[in-house]
Amino acid sequence: MKKKILVTGGAGFLGSHLCEKLLQYGHDVICADNLFTGSKENILHLMDNPYFEFLRHDITFPLFVEVDEIYNLACPASPIHYQYDPVQTTKTSVHGAINMLGLAKRTKAKILQASTSEVYGDPAVHPQTENYFGNVNPVGPRSCYDEGKRCAETLFFDYYREHKLRVKVARIFNTYGPRMHPNDGRVVSNFIVQALQNNNITIYGEGNQTRSFCYVDNLIDGLIKLMETNDDVTGPVNIGNPNEFTIKELAEQIIEMTHSTSKLVYKSLPENDPVRRQPDITLANKILGWEPTIELEEGLTHTINYFSEISSSQNLDVKPERFEKYFQKSVSESA
Ligand code: NAD
Ligand code: UDP
């Protein structure tokens with residue numbers, strides 16, 4: 001059945017893939033985005049589709065549309081972008097959630113929140129299960145994002161209990177793939193861009209911190225499956241790839257795959273940077289029958305191809321040196 005679906009943050013990295021997939025499934029998609037970190041380039045290929053509509057809109061303000069489902073993805077996701085204007089980041093998560101939940105209440109739409117593994121903070125439990133309450137600093141530089149997302153989860157469950165709304169909360173772990181913003185400082189895009197340009201690869205700390213990387217196509221399938229579950233399934237549910245790598249291993253793999261002459265340089269670790277992160281996806285597997293199928297090497301191949309194409313284009317400005325001012329001086333350089 002054709003549904004009218006609102007995707008907030010639909011011009012961003014994940015949002016654009018989600019819009020694309022929902023259109024492929026035959027739905028009528030409204031993408032609402034203020035283009036803070038998203039871009040029209042990400043959705044240009046969808047613009048000719050009569051079932052796709054782009055609204056330039058900031059979700060901290062109310063939105064009046066008629067829809068059956070809402071995917072609430074609007075929020076800057078990379079540390080550089082969410083720390084640029086932290087007050088606006090919290091407003092986007094909190095006021096944005098209130099506005100979108102209000103819209104869901106009026107239209108009786110089902111609503112999914114793109115939450116994050118950051119709700120676990122620097123976790124004391126490993127791997128992270130959904131019943132772990134997290135270890136989050138409420139007053140640090142990452143708090144605008146972490147606490148904003150935690151408050152959004154609270155609002156989702158209060159609307160569920162108080163107004164019987166149909167809610168779904170996905171806790172997304174590090175995801176990568178084509179259309180990541182080349183300048184947003186996230187580790188996969190940074191390392192690929194640096195490797196392709198044979199520039200130094202910037203490792204923060206000693207590179208022993210771990211992350212578990214999920215390829216975007218797998219993630220989008222997980223979100224859609226969650227939205228399609230019965231109304232009694234609310235989550236929160238972890239969606240991510242449990243294969244865990246150190247940041248140094250990631251750097252070495254990217255250097256090898258791009259045949260780069262880049263060297264590793266070590267910079268100081270940003271404050272509150274989590275030491276380990278790995279999702280326990282038992283719940284997603286049980287309730288959604290979902291697990292990731294695309295492993296790091298395959299996903300990196302697609303992502304490297306994408307960045308090779310855009311870095312040779314005249315229009316895109318790829319400037320990894322932009323991050324220097326955020327992450328202080330190099331402490332050592334590998335031979
Ligand atoms: P992104 O920055 O590419 O996309 C976010 C989009 O939201 C952008 O298009 C941006 O312009 C838009 N936006 C920001 N503030 C807005 C506002 N006030 N009103 C309207 N639009 C606004 O990031 P992404 O990686 O695609 O992340 C999408 C969502 O998934 C975010 O909510 C993020 O917190 C969550 N998430 C992503 C990851 C990941 O690894 N990519 C991990 C955990 C959670
Ligand atoms: N990181 C790094 N070099 C970079 C960018 C990031 O070593 O050029 C590290 C960062 O300190 C963190 C990890 O890679 O430990 C993942 O960072 P990202 O910003 O991608 O995501 P998050 O910290 O939100 O998981």
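Computed from a prediction, not measured in an experiment: that's the story for all the values here. Atoms within each ligand, like the ligands themselves, are counted from 1 in listed order.
- The residue H81 has no part lying near ligand 1, judged by heavy-atom distances below 4.0 Å.
- Inclusion of Q209 in the set of residues having an N or O under 3.5 Å from an N or O of ligand 2 is warranted.
- Heavy atoms of S115 found under 4.0 angstrom from ligand 1 belong exclusively to the backbone.
- Between R186 and ligand 2, not a single N/O pair is under 3.5 Å apart.
- Contacts with ligand 2 closer than 4.0 Å are made by no heavy atom of S78, backbone or side chain.
- Each of the atoms 14 (C), 15 (N) of ligand 1 lies under 4.0 Å from some heavy atom of P76.
- Closest protein heavy atom to atom 30 (O) of ligand 1: L14 CD1, 3.6 Å.
- Formation of a donor-acceptor pair under 3.5 Å by the W290 side chain with backbone atoms of N218 is found in this model.
- Separation of atoms CG (L22) and OH (Y51) is listed at 15.0 Å; rounding is to 0.5 Å.
- Residue contacts with ligand 1 include Y145, since one of its heavy atoms falls under 4.0 Å from the ligand.
- Contacts between E118 and ligand 2 below 4.0 angstrom, taking non-hydrogen atoms only, involve the side chain exclusively.
- The nearest protein atom to atom 23 (O) of ligand 1, hydrogens excluded, is given as A77 CB, 3.5 Å; this is a heavy-atom distance.
- Residue-level proximity to ligand 2 for I201 is absent, since no heavy atom of it falls below 4.0 angstrom.
- Looking from atom 4 (O) of ligand 1 to the surrounding protein, the closest heavy atom is G12 CA, 3.6 Å.
- Screening S189, S39, S16 against R179 for a side-chain hydrogen bond (donor to acceptor under 3.5 Å, both in side chains) leaves a single residue, S16.
- Note that CE of M47 and CD of E53 are 11.0 Å apart. Values are rounded to the nearest 0.5 Å.
- Assignment of E118 to the shell around ligand 1 is not supported, since no heavy atom sits closer than 4.0 Å.
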Please table the atom pairs, donor to acceptor, closer than 3.5 Å between any side-chain atom in residues 230-238 and protein atoms at least two apart or in another chain.
from	atom 1	to	atom 2	distance (Å)
N238	OD1	Y120	OH	2.8
N238	ND2	Q128	O	2.9
N238	ND2	D280	O	3.1

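- Close approach to H57 involves these atoms of ligand 1, each under 4.0 Å from a residue heavy atom: 19 (N), 20 (C).
- Side-chain N or O atoms of K108 include none that pairs as donor or acceptor with a backbone N or O of K105 at under 3.5 Å.
- Looking at atom 29 (C) of ligand 1, its nearest protein heavy atom turns out to be L73 O, 3.2 Å.
- Of the heavy atoms in L35, only backbone atoms (N, CA, C, O) come closer than 4.0 Å to ligand 1.
- At a heavy-atom distance under 4.0 Å, only side-chain atoms of I247, from C-beta outward, approach ligand 2.
- With hydrogens left out, the protein atom closest to atom 5 (C) of ligand 1 is C75 O, 3.2 Å, a heavy atom.
- In this structure, C214 does not count as a contact residue of ligand 1, since none of its heavy atoms falls inside 4.0 Å of the ligand.
- Atom 10 (C) of ligand 1 has T37 OG1, 3.1 Å as its closest protein atom, hydrogens excluded (heavy atom only).
- Counting Ile, Leu, Val, Met, Phe, Trp and Tyr side chains that sit under 4.5 Å apart, directly or through other members, V275 stands alone, with no cluster partners.
- S262 and Q194 are not linked by any side-chain donor-acceptor pair at a separation below 3.5 angstrom, with hydrogens and angles left out of the test.
- Expressed to the nearest 0.5 Å, how far OG1 of T301 lies from OH of Y215 amounts to 9.5 Å.
- Nearest protein heavy-atom contact of atom 41 (N) of ligand 1 is R186 NH1, 2.8 Å.
- For Q194, the heavy-atom gap to ligand 2 stays at 4.0 angstrom or more.
- Scanning the protein for heavy atoms near atom 11 (O) of ligand 1, the closest one is D33 OD1, 2.6 Å.
- When non-hydrogen atoms are compared, ligand 1 lies under 4.0 Å from the backbone of N34 as well as from its side chain.
- Considering backbone and side-chain N/O of F191, none are found under 3.5 Å from N/O of ligand 2.
- For R179, the heavy-atom gap to ligand 1 stays at 4.0 angstrom or more.
- A donor atom on one side chain and an acceptor atom on the other are found under 3.5 Å apart for N72 and Q113.
- In T202, the parts holding a heavy atom less than 4.0 Å from any atom of ligand 2 are both the side chain and the backbone.
- Those atoms of ligand 1 with a heavy atom of G38 less than 4.0 angstrom away are 8 (C), 9 (O), 10 (C), 11 (O).
- Which of R142, R276, K267, R211 comes nearest to atom 24 (O) of ligand 2 through a heavy atom is settled by distance: it is R142.
- No salt bridge links E228 with K168; every basic N to acidic carboxylate O contact stays at or beyond 4.0 Å.
- Taking a cut-off of under 4.0 Å to the non-hydrogen atoms of G9, the atoms of ligand 1 that pass are 6 (C), 7 (O), 9 (O), 12 (C).
- Within the structure, the closest approach of N174 to ligand 1 falls below 4.0 Å when heavy atoms are considered.
- A donor-acceptor pair shorter than 3.5 Å can be found between the side chains of S260 and N198.
- Heavy-atom distances between G96 and ligand 1 stay at or above 4.0 Å for every pair.
- Note on ligand 1: K149 sits in its first shell, one or more heavy atoms being nearer than 4.0 Å.
- Geometrically, K149 does not engage Y82 in a cation-pi contact defined by less than 6.0 Å to the ring centre and at most 45° from the axis.
- Contacts between H181 and ligand 1 below 4.0 angstrom, taking non-hydrogen atoms only, are absent altogether.
- In the vicinity of A11, heavy-atom distances shorter than 4.0 Å reach the ligand 1 atoms 9 (O).
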